[in-house]
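Position 1 is the first residue of the sequence, and the numbers go up from there.
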Amino acid sequence: MRKRAHAWGSCLITAALAASFLGGGSALALAGADEVADGALPFVAKVSFGDVQSCSGALIAPQWVVTAKECFAEGTAPVTAATPTRPATVVVGRTDVSTTAGRRLNVTRLVPHPDRNVVLAQLSGAVTGVTPAPISKSAPAAGDTLRIAGFGRTATEWVPPRLHAGTFTVQSVTDSAVEVVGASAGATLCKGDSGGPAFREVAGGVELVGISDSSWQKGCVGEPASETRGEGYETRVDDLAGWITSNISARPAGLRKVVLGEFTRDGFQDVIGVDTYGAGWWYRSTSASTWSTPARLSSTWSTYKEMVVGRVDRDAYDDLLILTDSGQLLLYTGTAAGGLTGKGQIGAGYGGYRDLALGRTGGDTSDALYAIETATGSWLKFPQTAAGGAFSTTGTSVGGGWSCCKQNTFGKFNSDAYPDVVTVDSATGRLRLYAGTANGRPAEAVVLDAGTTWGGASDLAAGKFDSTGLDGLLSIDSASGTLYVHKRTAEGGWADRTTLAGTAWQRQPFDMVRLVSGEFNGNSNPDLIGIDAEGVGWLFPGTTAGTWGSPARLSSTWSTYKELVVGRVDRDAVDDLLVLTDSGQLLLYTGTTTGALTGKGQIGTGWGGYRDMTVAKLDDDTYPALYAIETSTNLWSKFPQTAAGGAFSNTGTLVGRGWGCCKQNITGKFNEDSYLDLVTVETATGKLRIYPGTASGALDDGVVIDKAGTGWGNRDLAAVRSAATGRDSLLAKDSSGVALLFPSIAQGPGIDWTDPISYGPRA
């Protein structure tokens, strides 16, 4: 925290000491304040931005920290809503930063406030076991007592190891800031406290009032003794609850076939849709227009042609009806407890229909199925069967000429009590309204004054997003995939469409097996490839922030892939992916200079008796060879490339015996020299063992890495090259599904084995 400028709102931050953010180093602390007891104030976070600066913060949701915006600034460039420009980490639940308590996570996205020194930092996983600090519902007032915590300097220490907290008295309050002064002698805000929480202590916990912005740093180590001004300044957050909620809530994005339904019995409509990879997602509502982090329903919804919501099984709960590409009707039924149950086929032969809708016209007592016959343009009604829960296979014509229109949607679109239908005129891009009437038959169409952009909508769903009592619409732009909300006005009109507040959930490499790392997309950042629990292969592109971006779906048929290995197999300068299948085949996906994996070619068979494969140059070979352990004999052998390249000899050369001791062989540059090393896991002890590389290319004797501890026996391992250090970090999938990255360091004989960065779980 720098010295206070003379104007309110000045954005002043901390420059960090190098030792405060290197792995295993210490953080900073408040001057004149008390050390915090172990386990107390676990929501206080330590924030590190590359090797530039270090700050404090507060956990406000399982996957979100609030801190000072300028903690992530580089020079005069503004902090933008994006991934950080450098690798950034957050430690939560760690009172003593020299320990490994709590969790360390990457910052995957920033959401800066437009006017205040406040930023929301999204984390690479959810923090469990720590209660987030709630935002205060009342403003501070002069004379109030607040506690302020942080990892800033003290009066005597540049880099103290523990979190400190002190008591302060509010001097004055403006619309955006709070002036405080220490309530006890010597309590001062120092460098390293920027972004730290100012909070009230109340029955049952705390209430977050503000975050530290700046001070005169009276009494802080390194500051002149002549400084007598002791005031500090906090940026208010008590009045930002709405902004915070709207930006940390999940935003349904990248979806199609979107529907709205009240599935959780909370009075708000949830969103269900299918993403571009064919996975179904359920965004549970938290208000009329905000949603929680989504739950994944299935990865096999790519064949779902249309989805529609209505009351099909004659109870009071919304159901989900699905039309598949093959013309089947499937039904997920809503329950009194909240949720959807089962997936039952209730019909077939509907492949010739489109724009399904569930609703009531013509005196219906239960929802009927309405659909347009694609070949004729007729709009047909299929009433429910006598027993309910299914529909007649014989449709009754409601009207002809419906080739004009698409996206038929039932809802309450005007002020009377009758159900209406809106549709999109394909030629003009306008909305038509067929108003409901007392006799149950829709009135003549009226063109609505709601703009002409509806022709580009691939989906419509009706829902209530405001206080008018009328239905608005969700629409998906078919070109961009953007999800828009169209609210209603008090006069019954249509407001301009807006994008939804919040952030789109970005999948991190959680719950993946067979994880491997390589440079596959041409951006010089290490990418990840892994297989999820349903056998789907994913490519996670690396970012300059040291995180992984939104993944690309590779295939849904990788459940038979026993091992994945990365190496240069086809003799170019691009990483390839080698696959060992359950049946003993070797398959090769070759990397390209344009950043893609091409083809899937079989380059060998009969490898079913081998395990723990790696592709590397561990001796004086010109090209990388395949190394593998024979399961029955525990012999470790090398299989050189064939003369033509792109495949491996079937005859191996013995490298070593007794490899029943170990598993998870991983090659990489793990120590301070430039030679390729081998890391493996001792089967009996769960410890890591390293075989350092040498100048001759041979491996030196194995050494157990005691400081890495035990527990490695149930983890998949992968080496991840650090662009900053040129050394390999170690990625391990924990038994809980969390991916743990043990980062490399710039100097020294090893890796920061004891302080991993977590990816997952989801909130």
[atom2] on [Y] to [atom1] on [X], rounded to 0.5 Å:
X	Y	atom1	atom2	answer
Ser249	Arg284	OG	CZ	15.5 Å
Asp459	Leu473	CG	CG	12.0 Å
Thr547	Asn106	OG1	CG	6.0 Å
Leu483	Thr499	CG	OG1	9.5 Å
Phe168	Asp144	CZ	CG	15.0 Å
Glu234	Leu189	CD	CG	5.5 Å

Nearest atoms (heavy-atom pairs only) where [X] meets [Y]:
X	Y	answer
Asp175	Asp239	O-OD2, 3.6 Å
Ala133	Phe43	CB-CD1, 3.7 Å
Ala253	Tyr283	N-OH, 3.9 Å
Ala241	Ile135	CB-CG2, 4.2 Å
Thr67	Gly195	OG1-CA, 3.5 Å
Leu431	Val424	CD2-CG2, 3.8 Å

Should Ser56 and Lys46 be marked as a side chain to side chain donor-acceptor pair (under 3.5 Å) after you check the CA-CA gap, both sets of side-chain angles, and the distance that decides it?
CA-CA 5 Å; Ser56 304; Lys46 169 139 177 8; over 6 Å; no

Without swapping roles, check the side chain of [X] against the backbone of [Y] for a donor-acceptor pair under 3.5 Å.
X	Y	answer
Glu179	Thr174	no
Gln407	Ser458	yes
Thr543	Thr83	no
Ser285	Phe268	yes
Asp213	Thr235	no
Lys69	Arg116	yes
Ser478	Gly456	yes
Trp454	Ala450	yes
Gln53	Glu70	yes
Arg236	Ser176	no

Testing the 3.5 Å rule here: is there a donor-acceptor pair between the side chains of Thr544 and Arg86?
no

Under 3.5 Å, is there a donor on one side chain and an acceptor on the other for Trp281 and Asp275?
yes

So do the side chains of [X] and [Y] get within less than 4.5 Å of each other, counting heavy atoms only?
X	Y	value
Leu105	Thr89	no
Val91	Val97	no
Pro761	Val738	yes
Gln508	Ser550	no
Pro84	Arg109	no
Pro140	Val178	yes
Trp243	Val118	yes
Ser194	Ser212	no

Steps toward side chain to side chain contact (heavy atoms under 4.5 Å, CB included) verdict (Glu231, Lys218):
CA-CA 8 Å; Glu231 296 86 1; Lys218 171 188 173 183; over 6 Å; no

Between the side chains of Lys137 and Glu207, is the shortest nitrogen-to-carboxylate-oxygen separation below 4.0 Å, so that they form an ion pair?
no

Any carboxylate oxygen within less than 4.0 angstrom of a Lys/Arg side-chain nitrogen, looking at Arg94 and Asp755?
yes

Taking the six-membered ring of Trp494, is NZ or CZ of Arg488 closer than 6.0 Å to its centre and within 45° of its axis?
yes

Would you verify whether the NZ or CZ of Arg147 falls within 45 degrees of the ring axis of Phe199 while also being under 6.0 Å from that six-membered ring's centre?
no

Chi angles and distances behind the side chain to side chain contact (heavy atoms under 4.5 Å, CB included) call for Val44, Phe151
CA-CA 9 Å; Val44 182; Phe151 290 98; 4.1 Å; yes

Passing option when Val209 is tested against Val180, Val170, Val173, Leu146 for side-chain contact (heavy atoms from CB on, under 4.5 Å):
Leu146

Using side chain to side chain donor-acceptor pair (under 3.5 Å), reason through Arg497 and Ser475 one step at a time and then give a plain yes or no.
CA-CA 9 Å; Arg497 70 180 187 179; Ser475 71; 5.1 Å; no

Step-by-step side chain to side chain contact (heavy atoms under 4.5 Å, CB included) determination, Leu120 to Ile60
CA-CA 9 Å; Leu120 303 173; Ile60 56 171; 3.8 Å; yes

Verify ring-ring contact (aromatic ring centres under 6.0 Å, His included) between Trp548 and Tyr759, making sure each step is shown before the conclusion.
CA-CA 10 Å; Trp548 288 283; Tyr759 293 85; 4.9 Å; yes

Yes or no on side chain to side chain contact (heavy atoms under 4.5 Å, CB included) for Val90 and Leu123, after CA distance, side-chain angles and deciding distance?
CA-CA 8 Å; Val90 167; Leu123 307 179; 3.9 Å; yes

